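Written below as structure tokens is the structure these notes are about.
Values reported hereafter were calculated over all heavy atoms of this structure, with side chains retained and with hydrogens, waters and symmetry mates removed. Small disclaimer: the values here were computed from a predicted structure and weren't measured.
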Amino acid sequence: MDLALLRTFVTVHRAGSFTRAAALLGLSQPAVTSQIRTLERQLGRPLFLRQARGVTPTSIGDELAHKAAPHLDALVEIAESGLDDDSSLRTLHLAGPPEFTAERALPALVELTGEDGQGFALRASFGNAEETLEGLAAGHHDLAICTARPRGALLTATTLCDEEHVLVAAPRWAEQVGLGTLRDKGALALENLPVVEVHESLPFASRYWASVFDSRPAASGTVIVPDLRAVLACAAAGAGLAVLPRYLCAAALERGDVVTLHDPPVPPLRTYFLVVRTGTLAMPHIARAHEWLQHAASEWC
């Protein structure tokens, strides 16, 4: 079987589209379509179901991708390693949510970027879970951190850590609400308070309210900004209450810039996963970063 056909097939499988696969491979879409049809004729079975937006693998397509992808990735690793001279560093492409990646993952991984014979160059990009997993499957990233466990066999996820979410606000809001009133009335005591969030749908507040109060937040967002660090800054400035990861606001809590409004017996948690393409942990620089982050995470929890 022609390895070039298998490479095209795996790229289409990961990209979910002939168009995206063609861009990744530097080929025309008709060339990609022709190669997939050739491979399907050789196998005597369809590998993809064509849809209005992209393609979906058949069961045979999924099985072939699961068997072939790790070996193709290993061959690429061998080829690239053979071209490197002794002074060059491999590059690790990391993707994840901006705050967690910036505050947790990158400070841990920079220790591995030295030229000690085992170090690597590091490139990072930020995105939500869907964007990150799509980019990983398409080969844009080597290692991804996300809050969603991927489905299917092409991506392998390992639990990294849990983060605790806390309800905080500037001290003046705590004084206005009264912590005793909050203990007695629960979510009702917070109905009229402004909310600082990352999206109009109030994802962090909604998750906290559902877990702690078994309800939905009544207020709408007063300040919406797509970065939790900015949410913290606005909350500390008095813009309203916010639900934040404890690691992100720990220093602000210690300084008194914000205070905890509620201390539930079981705080809401969000789980992070380390995700790779199946088989790529055979590559030393990915395996080392994967192991290093797991070790670092044992001290974050």
Side-chain angles (χ1 to χ4, degrees), residues 96-105 127-130 132-133 145-150 157-171 173-174 177-236 239-254 257-275 296-301:
E99 305 87 0
F100 187 89
T101 305
E103 300 289 331
R104 293 291 210 189
N128 60 36
E130 182 179 359
T132 297
L133 291 178
I145 300 170
C146 67
T147 55
R149 184 187 290 275
T158 304
T159 300
L160 181 61
C161 66
D162 293 325
E163 70 176 15
E164 177 188 346
H165 286 180
V166 293
L167 178 62
V168 302
W173 288 113
V177 174
L179 297 184
T181 302
L182 181 55
R183 283 192 295 269
D184 295 336
K185 294 186 176 181
L188 292 175
L190 304 172
E191 279 189 352
N192 297 319
L193 294 191
V195 178
V196 187
E197 259 281 10
V198 296
H199 190 270
E200 296 286 355
S201 63
L202 310 184
F204 283 82
S206 295
R207 190 181 302 115
Y208 188 96
W209 256 246
S211 175
V212 175
F213 301 124
D214 194 25
S215 65
R216 292 184 57 82
S220 59
T222 298
V223 176
I224 303 296
V225 56
D227 189 296
L228 289 173
R229 292 162 293 193
V231 169
L232 173 59
C234 292
L241 62 83
V243 176
L244 293 166
R246 182 173 290 278
Y247 79 85
L248 192 64
C249 59
L253 286 168
E254 187 174 346
D257 297 341
V258 293
V259 296
T260 303
L261 293 181
H262 191 47
D263 188 19
V266 181
L269 301 176
R270 183 168 67 163
T271 301
Y272 282 95
F273 300 95
L274 271 182
V275 189
S298 66
E299 301 178 0
W300 299 338
C301 302

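Here the closest non-hydrogen pair linking Pro264 and Pro268 is CG-CD, 4.4 Å. In terms of heavy-atom proximity, Ala239 sits nearest to Val196 at CB-CG2, 3.8 Å. Of all the heavy atoms in Ala242 and Ala235, the pair that sits closest is CB-CB, 4.1 Å.
Between Pro97 and Tyr272, some side-chain heavy-atom pair lies under the 4.5 Å cut-off. Between Phe273 and Thr159 there is a side-chain heavy-atom pair separated by less than 4.5 Å. Between Val198 and Pro203, some side-chain heavy-atom pair lies under the 4.5 Å cut-off. In this structure the side chain of Leu241 never reaches within 4.5 angstrom of the side chain of Val168, judged on heavy atoms.
A donor-acceptor pair under 3.5 Å is formed between the side chain of Ser206 and the backbone N or O of Leu202. Glu197 places a side-chain N or O within 3.5 Å of a backbone atom of Phe204 that can act as its donor or acceptor partner.
Rounding to the nearest 0.5 Å places CG of Leu167 at 8.0 Å from OG1 of Thr260. Taken to the nearest 0.5 Å, the CG atom of Leu274 stands 4.5 Å off from the CG atom of Leu160. In this structure, CG in Asp257 is found 10.5 Å from SG in Cys249, a value given to the nearest 0.5 Å.
In summary, the aromatic rings of Phe100 and Trp300 are positioned with their centroids under 6.0 Å apart.
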Quiz item: Between Leu244 and Tyr208, is a side-chain contact (heavy atoms from CB on, under 4.5 Å) present by the stated rule, with each step listed?
Solution: CA-CA 10 Å; Leu244 293 166; Tyr208 188 96; over 6 Å; no
Quiz item: How far apart are the C-alpha atoms of Val258 and Leu253, what are their side-chain angles, what is the distance that settles it, and do they pass the side-chain contact (heavy atoms from CB on, under 4.5 Å) test?
Solution: CA-CA 5 Å; Val258 293; Leu253 286 168; 3.8 Å; yes
Self-check item: Residue pair Thr132, Val275: steps toward the side-chain contact (heavy atoms from CB on, under 4.5 Å) verdict
Solution: CA-CA 10 Å; Thr132 297; Val275 189; over 6 Å; no
Quiz item: Is there a side-chain contact (heavy atoms from CB on, under 4.5 Å) between Arg207 and Val243 once you walk through the steps?
Solution: CA-CA 9 Å; Arg207 190 181 302 115; Val243 176; over 6 Å; no
Sequence neighbours left out, cut at 3.5 Å: what donor-acceptor pairs do the side chains of residues 222-232 make with other protein atoms?
from   : atom 1 : to     : atom 2 : distance (Å)
Asp227 : OD1    : Arg229 : N      : 2.8
Asp227 : OD1    : Arg229 : NE     : 3.0
Asp227 : OD2    : Arg229 : NH2    : 2.8

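Identified under the side chain to side chain donor-acceptor pair (under 3.5 Å) test for residues 242-253, with sequence neighbours left out: Glu164-Arg246.
A donor atom on one side chain and an acceptor atom on the other are found under 3.5 Å apart for His165 and Glu163.
With sequence neighbours excluded, the residues that form a side-chain contact (heavy atoms from CB on, under 4.5 Å) with Ala170 are Trp173.
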